[in-house]
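Below is one structure, written out as structure tokens; comments come after it.
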Amino acid sequence: MSCLIGTCNRSSPCRCSLVRWTDINSYDGSWIGLDDAKSLKPAPMETLGWIIKETEDYIVIASTLDMNDEIVGNVNAIPRAVISEVVAG
């Protein structure tokens, strides 16, 4: 599902989408034991919001939408390669 800002308004609101994706995980301390380093795994993420752009390579999702001024907040561009599921609300 894709909700472009131009199609969202008070009388025809967009429905939310949930994007499940995998993010990197890192250790940013100076030193870590080898066994601890080997235990690091990518982190499962969930982002809830309005998909404002879709391409073959990525999805742009905004978690906050101001319909009066057509501005958005908390925006993420998520590569499709790390997306496991998009659930339309």
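- Every side-chain contact (heavy atoms from CB on, under 4.5 Å) that Asn76 has, sequence neighbours left out, goes to Thr47, Ile61, Asn74, Ile78.
- In this structure Thr64 satisfies the side-chain contact (heavy atoms from CB on, under 4.5 Å) test with no other residue, sequence neighbours excluded.
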Practice task
List the steps, then state whether side chain to side chain contact (heavy atoms under 4.5 Å, CB included) holds for Asp23 with Val82.
Solution key: CA-CA 7 Å; Asp23 199 2; Val82 300; over 6 Å; no
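- For residues 25-45, no residue pair satisfies the side chain to side chain donor-acceptor pair (under 3.5 Å) rule, not counting sequence neighbours.
- In plain terms, the two heavy atoms of Ala77 and Pro79 that are nearest each other are O-CD, 3.8 Å.
- Judged as a side-chain contact (heavy atoms from CB on, under 4.5 Å), and not counting sequence neighbours, the contacts of Leu18 are Arg20, Glu46, Leu48, Val87.
- When all heavy atoms of Ser17 and Ala88 are compared, the closest pair comes out as OG-CA, 4.0 Å.
- Under the 4.5 Å side-chain criterion, counting only non-hydrogen atoms from C-beta, Lys53 is in contact with Tyr58.
- Ile83 and Trp21 make their closest contact through CA-CB, 4.0 Å (heavy atoms, listed as atom of the first residue, atom of the second, distance).
- Within the structure, salt bridge (charged side-chain N to carboxylate O under 4.0 Å, His left out) pairs that include any residue of residues 72-83 comprise Glu54-Arg80 (at least two apart or interchain).
- The distance from atom SG of Cys16 to atom CD1 of Ile51, rounded to the nearest 0.5 Å, is 10.5 Å.
- In terms of the side-chain contact (heavy atoms from CB on, under 4.5 Å) criterion, residue partners of Asp69 (sequence neighbours excluded) are, by chain and number, Asp66, Ile71.
- Nearest approach of Ala62 to Val75, heavy atoms of both residues: CB-CG2, 4.0 Å.
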